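So you know, we letter chains A, B, ... as the sequences are listed, proteins then strands, and number each from 1. No experiment lies behind these values; they were computed from the predicted model shown. All heavy atoms count here, side chains included; hydrogens, waters and symmetry mates do not.
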Amino acid sequence: MVEIRLTNTRTRTKQAFQPLDPQNVRLYLCGPTVYDRAHLGNARPVLVFDVLVRLLRHVYGADHVTYVRNFTDVDDKINARAAATGRDIREITEETVAWYHDDMDALGADRPDHEPRATEYIVQMIAMIETLITRGHAYEAEGHVLFDVRSFPEYGRLSGRSVDDMIAGARVEVAPFKRDPMDFVLWKPSEADQPGWDSPWGRGRPGWHIECSAMSAALLGPSFDIHGGGIDLQFPHHENEVAQSCCAHPGAGFANVWLHNEMLQVEGKKMSKSLGNFFTVRDLLDRRIAGEVIRYVLLSTHYRKPMDWTQGKADEARDILWQWRLLTKDVEPAAAPHPEVIEALANDLNTPGAIAVLHRLKDDPALLLASARFIGLLQAGGDDWMRADYQALDSQSAFKDFDQILAALQDRLADIRAQAMASKDFSRLDRAKADLTGAGLEVRMSKAGIELLVRPTTVQRDVARIAEDLLA
RNA sequence: GGCGGGUUGGCGGAGAGGUUACGCAGCGGAUUGCAAAUCCGUGAAGACCGGUUCGAUUCCGGUACCCGCCUCCA
């Protein structure tokens with residue numbers, strides 16, 4: 001059996017992965033709060049986990065892995081969005097969930113086994129909060145229920161902070177009813193116009209952190225194998241989850257391995273609305289950057305390193321995938337991926353290493369295809385982005401589609417070439433060729449004949465214009 | 001202030017205490033009427049200072065610079 005090594009934030013070391021139950025390897029990833037399109041950074045943990053799950057299914061069997069990723073569909077940001085737009089909360093969350101699915105599907109990420117919504121687990125959250133109160137880890141104050149961090153000596157362990165240090169830093173919300181400034185909200189009261197549920201503490205709604213503790217326990221049990229998310233969630237979100245879950249289920253251990261991915265930057269800077277470099281996955285797809293190109297770029301940096309999204313990387317990824325697509329066209333994938341791909345992934349999800357292996361498989365397209373598909377690249381039917389979309393460009397033309405233009409051009413060029421060969425005057429042929437290559441077309445002239453190939457940089461409108469001149 | 005990440009050849013980006021990462025770009029050659037395609041070949045690195053070692057880009061310590069978290073942003 002392949003030994004998988006993962007860097008566990010909890011222990012700060014890379015260690016061999018030992019499932020609690022090899023018959024059912026269980027993972028939880030913190031999903032999105034559904035009030036808007038997912039931005040590019042949101043995609044990173046999704047892809048990291050997608051690759052991890054593929055690897056685990058390969059090693060332990062497809063039916064022996066349970067992957068849970070939640071939707072947070074009760075949150076003050078959602079309320080704010082509803083208030084700002086006058087729309088119904090449910091309508092917003094449903095729409096955003098559908099967007100999220102569309103966008104992550106486009107990146108080739110498989111859907112998790114369970115995608116629980118917070119609003120469907122309110123009962124479990126209330127029960128968990130009651131348990132925490134009973135066990136002396138939480139208290140009610142002015143309609144709120146707060147977690148008492150001083151009741152959990154381990155608090156701060158995961159993120160490597162001590163409560164006292166954090167208070168010294170003193171950037172915590174001040175609330176007069178808190179026993180300790182670090183205490184965080186498990187339940188808070190709702191106004192009449194805010195979403196709320198009846199509870200022992202009045203009508204209210206859950207705090208953010210309790211959602212993940214309740215949903216993971218409901219679907220995976222009080223202890224499971226791997227919990228992940230962006231490094232920015234390590235504190236406070238994951239720290240608070242640990243506190244809640246460990247105190248509600250003493251001795252259970254909660255998540256065995258914690259996996260945190262580093263952050264994503266854009267052109268060397270943090271992605272932010274104020275810098276104007278903020279964009280969503282959908283923005284990129286709309287700019288005709290293919291989902292698998294985005295996936296390639298995100299997987300080409302190891303998950304524990306800061307990742308920089310640049311246009312240059314997207315261009316390079318596009319060219320490589322284009323080449324691989326041509327290479328594997330009409331090829332049946334090999335039965336299994338190259339062992340070195342598995343080996344690279346087993347070594348703390350070394351996706352750049354796995355991609356390097358792919359580069360060495362150009363002489364074996366079937367193996368390249370099987371290996372690329374293992375990490376979600378070159379998926380069947382994922383080559384839409386390579387196809388010419390001439391109809392969208394010009395409905396006036398005599399040509400029905402771009403392939404027809406290419407065929408006509410090819411014949412015409414062959415004529416011009418034959419004349420040039422006879423007269424030894426290549427000027428006209430060279431001009432035509434220069435025009436076409438200028439429009440991004442690849443012109444191959446060999447003894448066998450002339451071949452015109454579309455490249456990622458082909459400007460169809462320009463080619464069409466040249467064709468009209470040449471064929472007139 | 002506290003906690004954490006990064007610094008590798010022109011660019012991107014890994015592994016490994018001593019033997020080629022890999023890709024892109026470049027350069028040389030083959031091929032071609034020509035070539036932007038293809039094929040063959042090829043130069044180029046490890047922020048800085050010190051330590052451990054026979055030997056460090058790889059381990060340890062320090063310095064510098066960049067970045068993130070500590071504000072329910074992955």
For A:S423, the side-chain contact (heavy atoms from CB on, under 4.5 Å) test, sequence neighbours excluded, returns A:D425
Self-check item: A:K178 with A:D183: basic N within carboxylate O range, under 4.0 Å
Solution: no
ask   = Looking only at atom C1', what distance separates B:rU57 and B:rG17, rounded to whole Å?
value = 10 Å
RNA chain B in dot-bracket form (Watson-Crick or G-U pairs under 3.5 Å, [ ] crossing, | inter-strand) is (((((((..(((.....[...))).(((((.......)))))....(((((..]....))))))))))))....
task: Using the P atoms only, state how far B:rC69 lies from B:rG61, rounded to an integer number of Å.
output: 26 Å
Exactly one candidate in A:Y35, A:Y100, A:W99 meets ring-ring contact (aromatic ring centres under 6.0 Å, His included) with A:F71; the answer is A:Y100
(Q) Does A:G229 reach a base, just sugar-phosphate, or nothing at all? Heavy atoms under 4.0 Å. (A) sugar-phosphate
Review point. Using 4.0 Å as the upper bound for N to carboxylate O, is an ion pair formed by A:E340 and A:R360?
Key: yes
Exercise. Is it possible for you to check whether A:R179 lies under 6.0 Å from the centre of the six-membered ring of A:Y139, through NZ or CZ, and within 45° of that ring's axis?
Key: yes
- Are the charged groups of A:D50 and A:R295 less than 4.0 angstrom apart, N to O? yes
* Asked: Any sub-3.5 Å donor-acceptor pair from A:S245's side-chain atoms to A:V242's backbone N or O?
  -> no
Would the A:W258 and A:H238 ring centres measure less than 6.0 Å apart? yes
Under 3.5 Å, N/O pairs linking protein and nucleotides 63-68 of chain B:
unit_1: B:rC67; atom_1: O2'; unit_2: A:Q265; atom_2: NE2; d: 3.4

Which part of the nucleic acid, if any, lies within contact of A:R12, taking any heavy atom under 4.0 Å across all strands shown: a base, the sugar-phosphate backbone alone, or nothing?
sugar-phosphate
(Q) Salt bridge check, A:D105 against A:R111: does any charged N sit closer than 4.0 Å to a carboxylate O? (A) yes
Could you measure between the two C1' atoms, the one in B:rU19 and the one in B:rC24, and give it in whole Å?
26 Å
For B:rC24 and A:K313 - does any side-chain N or O of the residue sit under 4.0 Å from the phosphate oxygens OP1/OP2?
no
I'd like to know if A:H260 reaches the base of B:rA74 with its side chain, counting only an N/O donor and acceptor under 3.5 Å. no
What pairs of nitrogen or oxygen atoms, one from the protein and one from nucleotides 15-23 of chain B, lie under 3.5 Å apart?
none

C1'-based separation of B:rG29 from B:rU63 [nearest Å]: 48 Å
| said: Just to be sure I understand the rule, does A:L453 reach a base, reach only the sugar-phosphate, or reach nothing, if contact means heavy atoms closer than 4.0 Å? | reply: nothing
Check your understanding: Side chain of A:Q265, backbone of A:M271: donor and acceptor closer than 3.5 Å?
Key -> no
inquiry  = With rounding to the closest Å, how many angstrom separate the C1' atoms on B:rC40 and B:rU53?
reply    = 42 Å
When A:T301 and A:A434 are each assigned the nearest nucleotide of RNA chain B, the 5'-most assignment goes to A:T301
Contact class for A:L452 (heavy atom, under 4.0 Å): base, sugar-phosphate, or nothing?
-> nothing
Listing time: all N or O pairs from protein to nucleotides 29-34 of chain B that are below 3.5 Å?
unit_1: B:rU32; atom_1: OP1; unit_2: A:K447; atom_2: NZ; d: 3.0
unit_1: B:rG33; atom_1: N1; unit_2: A:D430; atom_2: OD1; d: 2.8
unit_1: B:rG33; atom_1: N2; unit_2: A:D430; atom_2: OD1; d: 3.1
unit_1: B:rG33; atom_1: N2; unit_2: A:D430; atom_2: OD2; d: 2.6
unit_1: B:rC34; atom_1: O2; unit_2: A:K433; atom_2: NZ; d: 2.3
unit_1: B:rC34; atom_1: N3; unit_2: A:K433; atom_2: NZ; d: 2.4

d(A:N261 CG, A:L298 CG) to nearest 0.5 Å is 10.0 Å
Q. What about the rings of A:F152 and A:H137, do their centers lie closer together than 6.0 Å?
A. no
Could you write out each protein N or O paired with an N or O of nucleotides 44-46 of chain B at a distance under 3.5 Å?
none

I'd like the C1' distance from B:rA44 over to B:rG5, given in whole Å.
28 Å
Distance, C1' atom - from B:rU58 to B:rG23, rounded to whole angstrom:
22 Å
Inspect the contact between A:R150 and A:D180 and indicate whether a charged nitrogen and a carboxylate oxygen are less than 4.0 angstrom apart.
yes
Identify whether the distance between the nearest side-chain nitrogen and carboxylate oxygen of A:R325 and A:E292 falls below 4.0 Å. yes
*Can you tell me how far C1' in B:rC49 sits from the matching atom in B:rA64, rounded to whole Å?*
10 Å
Is the shortest distance from a Lys or Arg side-chain nitrogen in A:E154 or A:R157 to a carboxylate oxygen in the other one below 4.0 Å?
yes
